[in-house]
Amino acid sequence: MHIRFSEEDERFRKELAAWLADALSGEFAVLRGRGGVGDEGHLIPERKAWEKKLAAGGWTCVGWPEEHGGRGLSLSQQVIFHEEYARAGAPGRLSQMSENLFGPTCIAFGSEAQKARYLPPIVAGEEFWCQGYSEPDAGSDLANIKTRARLEAGEWIIDGQKVWTSWAAWADWCFVVARVEPESKRHKGLAYLLVPMAQPGVEIRPIQQITGDAEFFEVFYDEARTPAENILGEPGEGWKVAMGTLAYERGISTIGQQMLFKNELAEIIRIAQANGKARDPLIRQRIADAWMGLEIQRTNALRTLSSKASLEPAGMITKLYWATWHRNLGELAMDVLGAEAEIAEPTEAADYQLTPLQRMFLFVRSETLYGGSNQIQRNQIAERALGLPREPRPA
Ligand SMILES: Cc1cc2nc3c(=O)[nH]c(=O)nc-3n(C[C@H](O)[C@H](O)[C@H](O)COP(=O)(O)OP(=O)(O)OC[C@H]3O[C@@H](n4cnc5c(N)ncnc54)[C@H](O)[C@@H]3O)c2cc1C
């Protein structure tokens, strides 16, 4: 499927590009190129201010329906939005989980009162969400969740530990999947609770990553509280809501991601031409492969987005394909840099500072894990797309 951009789309592209160029000058110029992979935890106050700036221009929640405060853009204009945003070097979005995961889940599963409470602050760039699913023994095997919640005097009281909670330290809220039926097993008896982060019962500890940064955290819930009405869906049906959120994970923002990949590949080609590695036939072949892989991602993204076939075979390969491609791109970047890849410059603020390509190389390993590891993706493709026998499930 090809997306064709109409004249109106192209006018929209120009309007947006001009807005971004203007907005990223002056006080926000410092944000150009920041907040991407391995850099997520930096310039948080500035990036929160940027979210408000986007909101004032009507550039948050661009794909949400207008009735929920979104901009209601067509698919082609959403593609343009993500392309131009990345092309302009605009910063990594702090509202990614709010806008792309929690918001659509709230629209699908929330009551009218919940939509009225939670959606407007997301649109306004004022409240930020994080995702509390994974636990020490519940990652790939998410149904093994042990965090418990009980209803007492009009409040949910939550006890347990979550891990790898990205952006927990700068989120206002977490959507937490917890076990509310004490004897329940696996995906039964869970609830999808909406928990404020700023409270004594929530302790957030950073986990340092190989990049030196900490974009994810361990989060301990020790008698943490949230009002009884802060639940999406019915008690006991949290699995359905949680899976609903995951279905939004591989949406249109992959287009913007591909534009970032394109920028990285362009930088690798620039370096290869400058340092002579572009004359190495093996490097040339890998660069050509990378370019083709990117074209395949774009074509596949457009056809799955336009057919809404996210769970069909074409959609199921998306995560495995881009995560593996990006990991390989990191290796290509280091091979093109050669000995230089091992040098990090000292700065006034720190002993050393990694370049964006070094950070990318180190961070991309994690992309083959989060959002469903490569092995889990292969299992799903084998079972659901190819109809191979199911792997044995835990008793
Ligand atoms: C950068 C990053 C950000 C994250 N952010 C969040 C977040 O915001 N919120 C959140 O809830 N979680 C988050 N996660 C957690 C992520 O969802 C889990 O890491 C992922 O689900 C894998 O779970 P695990 O780490 O427990 O590994 P495990 O499930 O223990 O897996 C370990 C290894 O065993 C393999 N494996 C496991 N089961 C099978 C199987 N059945 N067949 C074959 N191989 C198998 C896996 O592929 C993996 O290689 C994040 C992770 C990363 C790396």
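As the structure lists them, so they are numbered: ligands from 1, and atoms in each ligand from 1.
In this structure, the ring of W19 has its center no less than 6.0 angstrom from the ring center of F12.
The nearest heavy-atom contact from the protein to atom 12 (N) of ligand 1 is S134 OG, 2.7 Å. In terms of protein heavy-atom proximity, atom 26 (O) of ligand 1 is nearest to G139 CA, 3.3 Å. Among all protein heavy atoms, the one lying closest to atom 9 (N) of ligand 1 is Q131 O, 2.8 Å. Looking from atom 47 (O) of ligand 1 to the surrounding protein, the closest heavy atom is S373 OG, 2.5 Å. Counting protein heavy atoms only, atom 31 (O) of ligand 1 is closest to S140 OG, 3.7 Å. Annotation: atom 51 (C) of ligand 1 to nearest protein heavy atom, Y370 CB, 3.4 Å. In terms of protein heavy-atom proximity, atom 19 (O) of ligand 1 is closest to W164 CD1, 3.9 Å.
Note that K240 lies outside the cation-pi zone of Y192, set by a 6.0 Å cut-off to the ring centre and a 45° limit from the axis. Figure legend: K52 and W50 shown without cation-pi pairing, the cationic atom not lying both under 6.0 angstrom from the six-membered ring centre and within 45 degrees of its axis.
Ligand-side atoms of ligand 1 in range of I376: 38 (N), 39 (C), 40 (C), 41 (N), range being under 4.0 angstrom from any heavy atom. Heavy-atom contacts of Q375 reach the following atoms of ligand 1: 43 (C), 44 (N), 46 (C), 47 (O), 49 (O) (cutoff under 4.0 Å). The atoms of ligand 1 that sit less than 4.0 Å from any heavy atom of Y133 are 11 (O). Counting the atoms of ligand 1 from 1 in the order shown, those under 4.0 Å from a heavy atom of N379 are 40 (C), 41 (N), 42 (N), 43 (C). The atoms of ligand 1 that sit less than 4.0 Å from any heavy atom of F216 are 1 (C), 2 (C), 3 (C), 52 (C), 53 (C).
Nearest heavy-atom pair across M360 and G330 is SD-CA, 3.7 Å. Of all the heavy atoms in D159 and R150, the pair that sits closest is OD2-NH1, 3.4 Å. Residues I204 and P206 come closest through the heavy atom pair O-CD, 4.1 Å. L94 and E51 make their closest contact through N-OE2, 3.2 Å (heavy atoms, listed as atom of the first residue, atom of the second, distance).
Judged by distance alone, with hydrogens and angles left aside, the side-chain atoms of K162 form no donor-acceptor pair with the main-chain N or O of Y221 at under 3.5 Å.
With a 6.0 Å radius and a threshold of 12 heavy atoms from other residues, nucleotides or ligands, R87 has its CZ atom above the threshold. Within 6.0 Å of CD on E391 lie more than 12 heavy atoms contributed by other residues, nucleotides or ligands.
The option with the heavy atom closest to atom 53 (C) of ligand 1, from among S366, P392, P136, G38, is S366. With L101, V37, L369 as candidates, the residue nearest to atom 48 (C) of ligand 1 on a non-hydrogen basis is L369.
On a distance-only criterion, S166 and ligand 1 share at least one N/O pair closer than 3.5 Å. Every N/O-N/O distance between T165 and ligand 1 stays at or above 3.5 Å.
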Using atom types as modelled, flag every donor-acceptor pair under 3.5 Å from a side chain in residues 121-129 to any protein atom, sequence neighbours excluded.
from	atom 1	to	atom 2	distance (Å)
E127	OE1	R117	NH1	3.3
E127	OE1	W173	NE1	3.3
E127	OE2	R117	NH2	3.1

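Distances from ligand 1 to the non-hydrogen atoms of E215 include at least one value under 4.0 Å. Close to ligand 1: E391, with a non-hydrogen atom less than 4.0 angstrom away.
Taking a distance limit of 4.0 Å, we find that atom 34 (O) of ligand 1 is approached by no protein heavy atom. Of the protein's heavy atoms, at least one falls inside 4.0 Å of atom 42 (N) of ligand 1. There is a protein heavy atom less than 4.0 angstrom from atom 3 (C) of ligand 1.
Looking at D213 and R359, no side-chain N of the basic residue comes within less than 4.0 Å of a carboxylate O on the acidic one, giving no salt bridge.
Within the model, atoms CZ of R71 and CD of Q77 stand 8.5 Å from one another, a figure rounded to the nearest 0.5 Å.
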